[in-house]
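In what follows, every chain begins at residue 1, and chains take the letters A, B, ... in the order their sequences are listed.
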Amino acid sequence: MPKERATTRKTAKKDGGKKKKDPNAPKRGLSAYMFFANEQREKVREDNPGIKFGDVGKLLGEKWKSLNEKQKTPYEAKAAADKKRYEEEKAAYTAGGDAEEEEEEE
DNA sequence: ACGTTGATTGTTCGT
DNA sequence: ACGAACAATCAACGT
């Protein structure tokens with residue numbers, strides 16, 4: 001079973017991240033929801049003037065799933081495109097090794 | 001080979 | 001600035 005998610009990951013930790021697994025930290029790409037929210041956020045709020053995050057968030061989630069695969073397609077497509085972006089970092093991250101320039105000193 | 005985990009992404013709103 | 005519900009992700013790692 002899935003573990004409970006309290007949604008409290010560490011966002012934007014301190015710069016002095018000391019315990020990171022990825023040396024280059026190839027942040028993954030966005031998620032379909034991210035794109036979906038990017039477009040719906042306006043619409044949702046527009047339909048619910050005065051609505052707050054708590055409601056918008058739930059509203060968004062409901063609609064998100066309400067979409068047909070076809071409707072999510074554009075979002076998924078972006079997600080995939082974004083993932084591709086990440087793929088790049090990951091590639092460099094994996095390729096990295098010794099012949100890679102890296103200026104990260106503190 | 002398979003499964004788990006962890007890390008991450010963006011929105012809104014308020015404090 | 002960040003935290004929290006909302007959802008996806010999915011790549012790397014471990015066994």
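Contact between the side-chain N/O atoms of Trp64(A) and the OP1/OP2 oxygens of dA8(C) is found at a separation under 4.0 Å. Under 4.0 angstrom from either OP1 or OP2 of dA7(B) there lies no side-chain N or O belonging to Lys27(A).
Whole-Å rounding puts the Glu87(A) CD to dT9(C) C1' distance at 14 Å. Put simply, NZ on Lys78(A) is 19 Å from C1' on dC10(C), counting in whole angstrom units. Taking atom CD of residue Glu39(A) and atom P of nucleotide dT12(B), one finds them 12 Å apart after rounding to whole Å. Taking atom CZ of residue Phe36(A) and atom P of nucleotide dT12(B), one finds them 13 Å apart after rounding to whole Å. We find that CG of Asp82(A) is positioned 15 Å from P of dT8(B), with the value rounded to whole Å. Rounded to a whole Å, the CZ atom of Phe35(A) is 10 Å from the P atom of dT9(C).
Map Ser31(A) and Tyr86(A) each onto its nearest nucleotide of DNA chain C; the residue landing nearer the 5' end is Ser31(A). Each of Tyr33(A) and Leu30(A) has a nearest nucleotide on DNA chain C; the 5'-most of these lies closest to Tyr33(A).
Side-chain atoms of Arg28(A) and base atoms of dT9(C) include a donor and an acceptor less than 3.5 Å apart.
No chain of hydrophobic side-chain contacts below 4.5 Å, direct or via other Ile, Leu, Val, Met, Phe, Trp or Tyr residues, connects Met34(A) to Phe53(A).
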Would you list the atom pairs, donor with acceptor, under 3.5 Å between side chains in residues 60-81 of chain A and any protein atom, with sequence neighbours excluded?
unit_1	atom_1	unit_2	atom_2	d
Gln71(A)	NE2	Asn68(A)	O	3.3
Thr73(A)	OG1	Glu69(A)	O	2.8
Thr73(A)	OG1	Lys70(A)	O	3.3

Please output the side-chain donor-acceptor pairs of residues 41-51 of chain A that fall under 3.5 Å, not counting sequence neighbours, one pair per line with the distance.
unit_1	atom_1	unit_2	atom_2	d
Arg41(A)	NE	Asn38(A)	O	3.0
Asn48(A)	ND2	Val44(A)	O	2.8

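For residues 42-57 of chain A, proximity to DNA chain C is found at Phe53(A), Gly57(A), defined as any non-hydrogen atom under 4.0 angstrom from a strand atom.
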